[in-house]
S.K.: 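First the structure, then my questions, so here it is.
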Amino acid sequence: MKQSKQQLVKILREIDNKSYPLYKQLKGSYDMTGFTLFIERVQGDPFASPSMISVEVTPEKADFPKDLYDTMEKKVALEDQLLRQFAGELRKYSFQAKGSGKSGFMGAVVPGPEILKRTGCEISNVGAVRLRLEAGFPANGRRIQSRQLEKMLVEFLPRVVSNTLYYDKTKERQYRQVAELAEDQRFIRGELKKRNLVAFVANGAILPRESGVSSRPMKQAVAFESPKSLEITLQLPNKGEIKGMGIPQGITMIVGGGFHGKSTLLKALEVGVYNHVFGDGREYVITDESAVKLRAEDGRSIQQVDISMFINNLPNGKDTSCFSTEDASGSTSQAANVVEAMEAGSKLFLVDEDTSATNFMIRDELMQKVVHSNMEPITPFSLRVRQLYEKAHISTILVAGSSGSYFYEADHIIQMKEYQPEDITEMAKAAAQKFAILENDNRSLENEKVSELLIPDFSKSRIWLKKADMRDRVKMKVMGRDSISINKETIDLRYVEQLVDTGQLAGIANIVWYIRTHLLSEDMSMTEMVNQIEELLKTSGFEKICAGRVPGNLTVPRRQEIFACMNRWRY
C-alpha cells in the first residue's frame, strides 16, 4: 500500500539516531506529489552496497509526446537520453548529505556512447517513466542520520525528477534529435539487408578514439571518406541524403601499413552492431547486428563443440566432432569461436590477424611443401572462408597486415592509408595472380584438396552444466568488463570484445543463472534456450528473470554474448 510523503517523514524522524537496521522499516512505496518513490532494498550498514530505490512518474506528469517513443528504437533512445540527464543531474547532489561510509551517495547508471536497452530507465507503452538508482542511507557510525536521508529523498530527489523526467518544451529540439537519429539508424539497418550489405560507414565519420581507454572521439582526427567504387547514397527519413562506404556481403580484406587505421576501422565496425549517440563520431557507422569479432583465446574452456571443419585427425585420435578441453590452444579456441558464433546466428565474422592464431589463419606455400597436408590436422580459415560464405551465407571482414593469402579469396580489398580507405581490389588481385603463376600455382593445387564444408547440427542438446535449484541462494559479482562470478564460479569474458558495458555483464549473469535454474534440459538445444530468453526479455524485460527484484544496473545483451558466456562456463 502506497504511503504519503508525510508518513515517510514521520517514520524518518521516529528512527533518527537509532540502530541502522531500523532503516528497513522504510521499504515500500510513497506518493511524493509528482512521482512515486519505491524503496526496494535497504543496505545492511553504511559501508555495504547502497540501497536500491526507484522513482516512477505517471504518463500525465511525464507528458512526453507519444511519437517520441512509438517504436522500440525510439523508446530505447529516449530512455537512454533521460538516464543520461538524470545521472548527470544526480551527480550534483551526491554526498551533499553527510555521514559514515557510503552515506549521502546518490547515483544512477552513466551510459557510454552506445545506446542500449537498460533497466536504469524504462518507459511503459503508455508513457510512464521508471528510473532506478542507488542511495547510501546516512549514518553516524552505525546510528541512523535520518535528517540527512530526509534531505536526500524529500529535497534533492524531487528536484532531480522535475528537472529531468518531466517533458520540457525548451528541450524539444534535443528530444526530436534523439528520436530522429534512432529512426535514421533503423532505416540504415534496413537498407543493409535490402542492398546485400554487411556494413555502412558514413563520410565524415570520426573513427579514431581519444586513447586506448577512452570512448571519446579523437580531436582533430581525419574524417572518413569512402572510396568512390564503394560509395553509396542513402536517403534517410530525417537527415536526408547521406553518402558513405557500403561493404557488400562476401569476403572483404582491410590492409595497409601499421598505424594507418586498419584496426581502428575494424573496431568501429565491431561496435557498429550498436547505435551510438550524437557527437560520438560513429553514429552513422552501422554493422549487421549479428556480427561477431573472432580471435584466438588461449586457455579458454570448450565443451562439446564440433570443430571438425577446422581440426581433424588428431594424433591422439580425439573426436573433434564433439570436442572438449579445459585449456584450449590458440588455434583450437579460434576454431571453437567460429563454430559457436555460427550457432549463435552470426552472419558476419570480424577478424584481425593481430589477435588470431597464425596456424589457424594460414598455411603458406613453403610450409605446405615441407609439412604435407596429410600430416597437418588443421584446415586453415583461409581455405574455409569462401565455403562459409557460399554455403552458410556468412561474410567475413578481415584485417591483414603481413599475409597476402586472403587476396585470392577476397571479393573486395580496402587499403587504409593515413586513416583513409582506398579500393585496391583490382591491383591486389592482379598481383596475387602474378604471384600464383610464379609459384607454379601451388596454392590452387592445395585448394582442390579441401574437404567439403559440413555445417554442424546445432539442433542437438549440448549440456555439460548441472541444473541448479531455483531455491538456491545465488551470489553474483561483475568484475568490470572482464568476467563475472556466480557462486564463486568465474566466467572469463575479457576476450568477448563486443561487450562494451558492465551492465551487459550484469545482465548476462542474471540470464545464465536463469538458464541454469529454469531452462537447462537435455531435450533443449542452446539455440532454443536463448530464443526463450529473448522472448522473455521482449515481453517482460528482466522482471521474470530477476524474480521481480530488478536492479538498475542491467543492460540487455545480444544473443551472441549470451552464447559466449554459456560456452565459457566451466563446470
Side-chain angles (χ1 to χ4, degrees), residues 52 72 76 79 109 111 114 116-122 132 273-274 289-290 292 300-301 303 337 340-341 343-346 458 461-521 524-571:
M52 286 170 49
M72 179 55 70
V76 171
E79 290 168 345
V109 168
E114 295 82 15
L116 304 170
K117 178 68 176 173
R118 298 178 173 91
T119 57
C121 182
E122 295 178 323
R132 298 179 173 92
V273 297
Y274 309 117
E289 292 167 302
S290 71
V292 170
R300 67 153 287 196
S301 170
Q303 299 295 336
N337 288 343
E340 290 165 354
E343 185 179 23
S346 177
F458 298 124
S461 175
R462 258 196 324 122
I463 301 300
W464 65 94
L465 297 166
K466 183 180 177 182
K467 188 166 185 177
D469 193 323
M470 65 183 74
R471 295 168 297 183
D472 289 349
R473 291 192 65 182
V474 58
K475 186 172 182 179
M476 299 179 188
K477 187 177 180 183
V478 174
M479 283 76 88
R481 285 186 287 171
D482 286 347
S483 60
I484 58 178
S485 172
I486 302 177
N487 289 346
K488 297 185 179 179
E489 295 178 43
T490 299
I491 306 172
D492 188 350
L493 298 171
R494 80 186 100 165
Y495 297 127
V496 182
E497 296 183 55
Q498 286 162 295
L499 287 170
V500 296
D501 189 301
T502 57
Q504 289 173 303
L505 279 81
I508 287 171
N510 282 274
I511 287 168
V512 297
W513 181 250
Y514 183 87
I515 291 174
R516 279 282 302 268
T517 53
H518 290 77
L519 300 181
L520 209 62
S521 165
M524 194 178 293
S525 69
M526 189 92 76
T527 301
E528 289 170 322
M529 288 188 282
V530 176
N531 287 346
Q532 286 199 27
I533 289 294
E534 286 194 313
E535 187 60 30
L536 265 181
L537 290 169
K538 184 179 178 181
T539 56
S540 58
F542 277 96
E543 191 73 28
K544 190 169 182 180
I545 289 169
C546 296
R549 182 185 280 183
V550 181
N553 66 333
L554 307 183
T555 301
V556 175
R558 297 190 308 156
R559 66 185 286 117
Q560 283 75 19
E561 279 70 53
I562 299 173
F563 271 93
C565 184
M566 288 296 293
N567 285 321
R568 285 159 180 76
W569 198 338
R570 300 173 185 269
Y571 187 75

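We use all heavy atoms of the structure for the numbers below, so side chains are in, but hydrogens, waters and symmetry mates are not.
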S.K.: In terms of heavy-atom contacts, does NZ of Lys467 have more than 12 from other residues, nucleotides or ligands at under 6.0 Å?
M.R.: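 Counting other residues, nucleotides and ligands, NZ of Lys467 exceeds 12 neighbours.
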S.K.: Give a yes or no answer on whether the side chain of Ser346 reaches the backbone of Ser290 with a donor-acceptor pair at less than 3.5 Å.
M.R.: yes
S.K.: Under 3.5 Å, is there a donor-acceptor pair between the Asn487 and Arg473 side chains?
M.R.: no
S.K.: Which heavy atom of Ser521 sits nearest to which heavy atom of Ser461, and what is that distance?
M.R.: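 Nearest pair, atom of Ser521 first, then Ser461: O-OG, 3.5 Å.
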S.K.: For Pro557 versus Ile562, what's the shortest heavy-atom pair and its separation?
M.R.: CG-CG1, 3.8 Å
S.K.: Do Arg132 side-chain atoms and Met52 backbone N/O form a donor-acceptor pair below 3.5 Å?
M.R.: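 No, the answer is negative, given that no donor and acceptor are paired below the 3.5 Å cut-off.
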S.K.: I need the Ser301 OG to Ile491 CD1 distance, nearest 0.5 Å.
M.R.: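 It is 10.5 Å, given to the nearest 0.5 Å.
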S.K.: Going through the checks in order, is the side-chain contact (heavy atoms from CB on, under 4.5 Å) test met by Ile463 and Met529?
M.R.: CA-CA 11 Å; Ile463 301 300; Met529 288 188 282; 4.1 Å; yes
S.K.: Taking the side chain as every heavy atom from C-beta outward, state whether Met526 and Asn567 have any pair of such atoms under 4.5 Å apart.
M.R.: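 Heavy-atom side-chain distance check passes, below 4.5 Å.
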S.K.: Is the closest basic N to carboxylate O distance between Arg558 and Glu114 below 4.0 Å?
M.R.: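 Glu114 and Arg558: not salt-bridged.
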S.K.: Of all the heavy-atom pairs spanning Val292 and Gln498, show the shortest one and how long it is.
M.R.: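 Taking Val292 first and Gln498 second, the nearest heavy atoms are CA-OE1, 3.3 Å.
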S.K.: State the CG-CG distance between Asp482 and Asp492, to the nearest 0.5 angstrom.
M.R.: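 If we round to the nearest 0.5 Å, Asp482:CG and Asp492:CG are 7.5 Å apart.
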S.K.: If you compare all heavy atoms of Arg118 against all heavy atoms of Val109, which two are closest, and at what distance to 0.1 Å?
M.R.: CD-CG1, 4.2 Å
S.K.: Do Glu79 and Lys117 have side chains that get closer than 4.5 Å, going by heavy atoms?
M.R.: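 SC-SC contact between Glu79 and Lys117 confirmed.
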S.K.: Is there a side-chain contact between Gln532 and Met524, using heavy atoms and a 4.5 Å cut-off?
M.R.: yes
S.K.: Kindly compute the distance separating CG (Leu499) from CD1 (Ile484), expressed to the nearest 0.5 Å.
M.R.: 9.5 Å
S.K.: List, one per line, each side-chain donor-acceptor pair under 3.5 Å for residues 548-556, sequence neighbours excluded.
M.R.:
none

S.K.: Let me have the donor-acceptor pairs involving side chains of residues 503-516, under 3.5 Å, with sequence neighbours excluded, atom names and distances please.
M.R.:
{"residue": "Gln504", "atom": "OE1", "partner": "Val500", "partner atom": "N", "Å": "2.7"}
{"residue": "Gln504", "atom": "OE1", "partner": "Asp501", "partner atom": "N", "Å": "3.0"}
{"residue": "Gln504", "atom": "NE2", "partner": "Tyr274", "partner atom": "OH", "Å": "3.0"}
{"residue": "Asn510", "atom": "ND2", "partner": "Ala506", "partner atom": "O", "Å": "2.9"}
{"residue": "Arg516", "atom": "NE", "partner": "Lys466", "partner atom": "O", "Å": "2.7"}
{"residue": "Arg516", "atom": "NH2", "partner": "Lys466", "partner atom": "O", "Å": "3.0"}

S.K.: For Trp464, does its backbone N or O pair with a side-chain atom of Trp569 as donor and acceptor, under 3.5 Å?
M.R.: no
S.K.: Contact between Leu465 and Met566 at the side-chain level, heavy atoms closer than 4.5 Å - yes or no?
M.R.: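 In contact.
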S.K.: Rounded to the nearest 0.5 Å, what separation is found between the CD atom of Glu343 and the CZ atom of Arg559?
M.R.: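 Rounded to the nearest 0.5 Å, the CD-CZ separation comes to 9.5 Å.
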S.K.: Measuring from atom CZ of Arg462 to atom CD of Glu340, what distance do you get when rounded to the nearest 0.5 angstrom?
M.R.: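 Spacing of CZ (Arg462) from CD (Glu340) equals 6.0 Å.
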S.K.: Can you tell me how far NZ of Lys477 sits from NZ of Lys488, rounded to the nearest 0.5 angstrom?
M.R.: 11.0 Å
S.K.: Identify the heavy atoms of Phe563 and Thr527 that sit nearest to each other, and give their distance.
M.R.: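 Nearest heavy atoms, Phe563 then Thr527: CZ-CA, 3.7 Å.
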S.K.: Got Cys565 and Leu493 here, is their nearest side-chain heavy-atom distance under 4.5 Å?
M.R.: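 The answer is yes; the side chains approach within 4.5 Å.
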